[in-house]
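Quick caveat, the model's predicted, so the values are computed rather than measured.
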Amino acid sequence: MSAQHNNRTQSAQNAQRRRFFAGSAGFALIVVLIVAAGWLVWRRAVHPSIQSGACRRCNVLLITIDTLRADRLDAFGGTRHLTPTLDRLAGEGLRLTRAYASAPLTLPSHASILTAASPPVHGLRTNGLFRLGPNLPTLATVLESAGYRTGAFVGAFVLDARFGLNRGFDVYDDRYGEKPTGDPAEGAERRAEDVIKPATAWIINPQSATRNPQSATHNPQSATRNPQWFAWVHLYDPHAPYRAPEPYASQHEPYDAEVAYTDAMVGKLLADLQAAGQLDRTLVIVAADHGESLGEHGEPTHGVFVYDVTMRVPWIVWGGGRVPSGASDALVRLIDLAPTALDLVGVAAPAQFEGRSVLPAVTRQREEAAPAYLEAMDANLTRNWAPLTGLVTTGYKLIDLPIPELYDLRSDPRETTNRFGRDTGRARTLESLLRATTAAFLSRGSSAEKTALSADARQRLQALGYAATSADPATRVYTDVDDPKLLIGAASALDRALGAFHAGARADAIRTVREIMRRHPGFATAYGIFASMQRDTGDLVGAIATLEELARRGIANQSVMLVLANYLQEAGSLERSAAVLQAVIASHPDYAEAYNSLGVVYSRQRQHARARAAFAKVLELDATSATAYENLGVDHIGSGDLDAAVTALKHALELDPRLPGAHNALAAAYLRQRRSADAIEQWQTAVQLEPHLYDALYNLGTVLYDSGRRDDARPYLQRFVNEAPPARYQQDIARIRKMLIR
């Protein structure tokens, strides 16, 4: 499909491009009026002739929008008028209307975008469990070697530097705050406006951000000698939970509100760059990493299935007139994005790239399209369900599961009729092609940091009484009962039970989870949720037993083992906690969170040198880990080095001012330095940020009380008595009660 204004000359088009981003608010209004008036007509497919090097030595702006359905853009078939900025980009540039992601999850899909490789090759098969190794080139490393300055600005923990996508970037800005406890696949995020601010500043002012220590070839003078830049801006907002700001939240349904807000922020980014003269020679590429099911096929969000609603994504290329306007319905893949960008700016793509430039396909120089490989491995790796792989060719999709699926995408675009049993010849052909594709992947091997168990790790786990576990897809034989189609209902029930638990219906929620575990004994996530419920209701011993059972059965991945180690530490079993963490690290030597937890254990054991070495490893993997600096500061307090503690804790709060534990620890350090006023201020901040941080509540109340400010102290002390868990704070509660009656 293409966009053309009726009765507009080429000179008028060029004039429109020059004032394209003159002002985001006015621009958005103009586009809405144009669409409403029917002046903008999207046509089927106009294949422009685009030459290699059409945007030679241009800047490159890559905008990836998380969880964006293609049908929310009018330019890609939508009718909701949510995205005037993106629709305008699509109308003035190139629309790729049949583009496929490699995986329906953020980290694997972005790894494919940047490495031009499928997940079996780059090795990041799900969120949170893998780190990209050093072997594969990326779009950033290639452009950096070509003299570009490079900056990345990401919106959520799932793309944290610790997962390895920071290679090749002079600046990797992942300052969204620390990941909360809970599901390792989820995490902290920041709104689009808070992502584009540092991105805009870095583009306009090259010295506005600290360089990335992972960028070995960075030259501080490169910005002067080589003005070209590559900026990757990742906007997470359309991802659940949907919490768009006003006025968008009042104007649209929750998901659509996030989409509309994100589009407005893209408009602001481009308008600001236009005003600064930074779009004159810039190639702008916008793509979603995956879509969102919104209940289709029984999936509330994404990650389990590979239907088009989550895998077919919008992809736009805009070059300010250097890339002719038009559209292509050729089958393309997000692994083709990096080679296409390099082709347009005149930089050779490395031989290791699996993807290829789409320019020949767009201009019809090559008719045959490479098949699009798809996979969804999260349910296999975290829930012990059957692994899911698939393939899209011209017009058809095969999904390889215990209950296999085949869809005719032309006659059945919503994938409602499974033709596998009817069209057996085509099914066999595609099965053979999928086997050949996966065999080719196996021949290349995985480039993720070590994910298979070493002999040392295996021995460590077995010595602890646990089966050998790994984040590699399991090799057992799967049957129909393991098919995600039959299990998605249990997953939805588990999510509802977790919500009910947090809403206060704890007994009913626990009964529901027990029943899910009984009916689906291999559903590892259910056991993890059950253990968290046990711990939150005061049964820490039971929570440990649940996770140890999972580990003994060999279906606990490294994130489950990390939670087990943390529970053991909480229970005071420091030696066993350290042993579990050492076994996990032996298998996953770049698992930053395991080093962080191990450092805490060492610190509690007063092994300060070993603790600091562990925290140093975390910071080697992720220089912006505020939690590592917080833990380092706590360790310095334990060893009596208060000046070093204050320095580390202040650094933690520079990275994340909303880290209540760091405020609590800094208050303790200040109190030991006899800076009681500063200590009180820090504790007040801590309890404002986290009302249930009972240690801070206790410290604040008692310090105020002991300093003679008893009226100020009483509200904090009363809250502590009323709210602190008696099992943990029994003696402290009794002491405070006596203080309150004086």
Side-chain angles (χ1 to χ4, degrees), residues 55 57-64 102 106-117 121-124 130-156 158-175 195 198-199 202-203 206 208-220 222-223 226-235 282-287 289 317 334-355 357 447-449 621-624:
C55 210
R57 299 305 297 175
C58 282
N59 307 312
V60 179
L61 174 60
L62 170 61
I63 303 173
T64 58
S102 297
T106 302
L107 182 60
S109 184
H110 279 91
S112 288
I113 290 170
L114 293 176
T115 66
V121 176
H122 62 62
L124 280 66
F130 302 94
R131 175 181 170 84
L132 183 67
N135 299 326
L136 290 178
T138 71
L139 181 58
T141 63
V142 174
L143 288 175
E144 185 187 42
S145 296
Y148 283 69
R149 60 186 181 94
T150 55
F153 305 85
V154 303
V158 71
L159 296 178
D160 192 270
R162 70 188 66 187
F163 302 123
L165 298 191
N166 58 337
R167 280 199 303 112
F169 286 106
D170 300 335
V171 169
Y172 196 88
D173 185 328
D174 53 2
R175 296 190 180 191
V195 178
W202 176 82
I203 291 169
S208 66
T210 304
R211 84 173 184 91
N212 170 18
Q214 295 290 327
S215 180
T217 62
H218 176 72
N219 183 337
S222 64
N226 301 297
Q228 287 82 19
W229 48 263
F230 164 47
W232 166 34
V233 177
H234 163 251
L235 306 178
T282 295
L283 174 68
V284 180
I285 300 176
V286 183
D289 63 341
V317 181
L334 288 185
I335 63 170
D336 300 323
L337 189 152
T340 302
L342 294 175
D343 195 6
L344 284 167
V345 300
V347 175
Q352 298 98 313
F353 274 9
E354 175 192 339
S357 173
S447 291
E449 293 293 346
L621 295 168
D622 180 8
T624 63

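- Although no hydrogens or angles enter the test, the distance criterion places no donor-acceptor pair under 3.5 Å between the side chain of Asp336 and the main chain of Gly355.
- Using a 4.5 Å heavy-atom threshold, the side chains of Trp202 and Arg149 count as touching.
- Side-chain atoms of Asp174 and Thr624 include a donor-acceptor pair closer than 3.5 Å.
- The closest donor-acceptor contact from the side chain of His122 to the backbone of Leu132 lies at 3.5 Å or more, if one exists at all.
- Looking only at side-chain heavy atoms (C-beta outward), Ile203 and Asn59 stay at 4.5 Å or farther from each other.
- Between the side chain of Ser112 and the backbone N or O of Ala117 there is at least one donor-acceptor pair closer than 3.5 Å.
- Taking the side chain as every heavy atom from C-beta outward, Val233 and Leu62 never approach each other to under 4.5 Å.
- Within the 3.5 Å criterion, the main-chain N or O of Gly168 finds a donor-acceptor partner in the side chain of Thr150.
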What's the verdict on side-chain contact (heavy atoms from CB on, under 4.5 Å) for Leu61 and Trp229, showing C-alpha distance, side-chain angles and the deciding distance? CA-CA 8 Å; Leu61 174 60; Trp229 48 263; 4.0 Å; yes
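- Proximity of a side-chain donor or acceptor of Thr141 to a complementary backbone N or O of Pro137 within less than 3.5 Å is not detected.
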Stepwise, does the side-chain contact (heavy atoms from CB on, under 4.5 Å) test hold for Cys58 with Thr282? CA-CA 5 Å; Cys58 282; Thr282 295; 5.8 Å; no
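- The minimum heavy-atom distance between Gly151 and Phe169, with the atom names listed, is C-CD2, 3.5 Å.
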With a 3.5 Å cut-off and sequence neighbours excluded, list the donor-acceptor pairs that the side chains of residues 342-350 form with protein atoms.
{"unit_1": "Asp343", "atom_1": "OD1", "unit_2": "Ser52", "atom_2": "OG", "d": "2.7"}
{"unit_1": "Asp343", "atom_1": "OD2", "unit_2": "Ser52", "atom_2": "OG", "d": "3.4"}
{"unit_1": "Asp343", "atom_1": "OD2", "unit_2": "Ser357", "atom_2": "OG", "d": "2.7"}

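- Side chain of Arg131 to main chain of Arg162: a donor-acceptor pair is present (N/O by atom type, distance under 3.5 Å, no hydrogens or angles).
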Criterion side-chain contact (heavy atoms from CB on, under 4.5 Å) on Thr115 and Val121, from CA distance to verdict: CA-CA 9 Å; Thr115 66; Val121 176; over 6 Å; no
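- Checked by atom type and distance alone, the side chain of Arg167 pairs as donor or acceptor with a backbone atom of Gly133 at under 3.5 Å.
- Ionic pairing of Arg175 and Asp173 is not present here: no N-O contact between side-chain nitrogen and carboxylate oxygen is shorter than 4.0 angstrom.
- Looking at His234, its side chain never comes within 3.5 Å of a backbone N or O of Thr64 through a donor-acceptor pair.
- Aromatic ring pairs are classed by plane angle as parallel below 30°, tilted from 30° to 60° and perpendicular above 60°; the pair Trp232 and His110 is tilted.
- Interatomic distance, OG of Ser109 versus CG of Leu124, reported as 11.5 Å (0.5 Å rounding).
- For the atom pair CG of Leu139 and CG of Leu114, the computed distance is 6.5 Å after rounding to the nearest 0.5 Å.
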List the steps and the verdict of side-chain contact (heavy atoms from CB on, under 4.5 Å) for Leu283 and Ile285. CA-CA 7 Å; Leu283 174 68; Ile285 300 176; 4.0 Å; yes
I'd like to know whether Phe153 forms a ring pair (Phe, Tyr, Trp, His ring centres under 6.0 Å) with Tyr172, so could you lay out the CA-CA distance, the side-chain angles of the two residues, the decisive distance to 0.1 Å, and finally the verdict. CA-CA 6 Å; Phe153 305 85; Tyr172 196 88; 8.9 Å; no
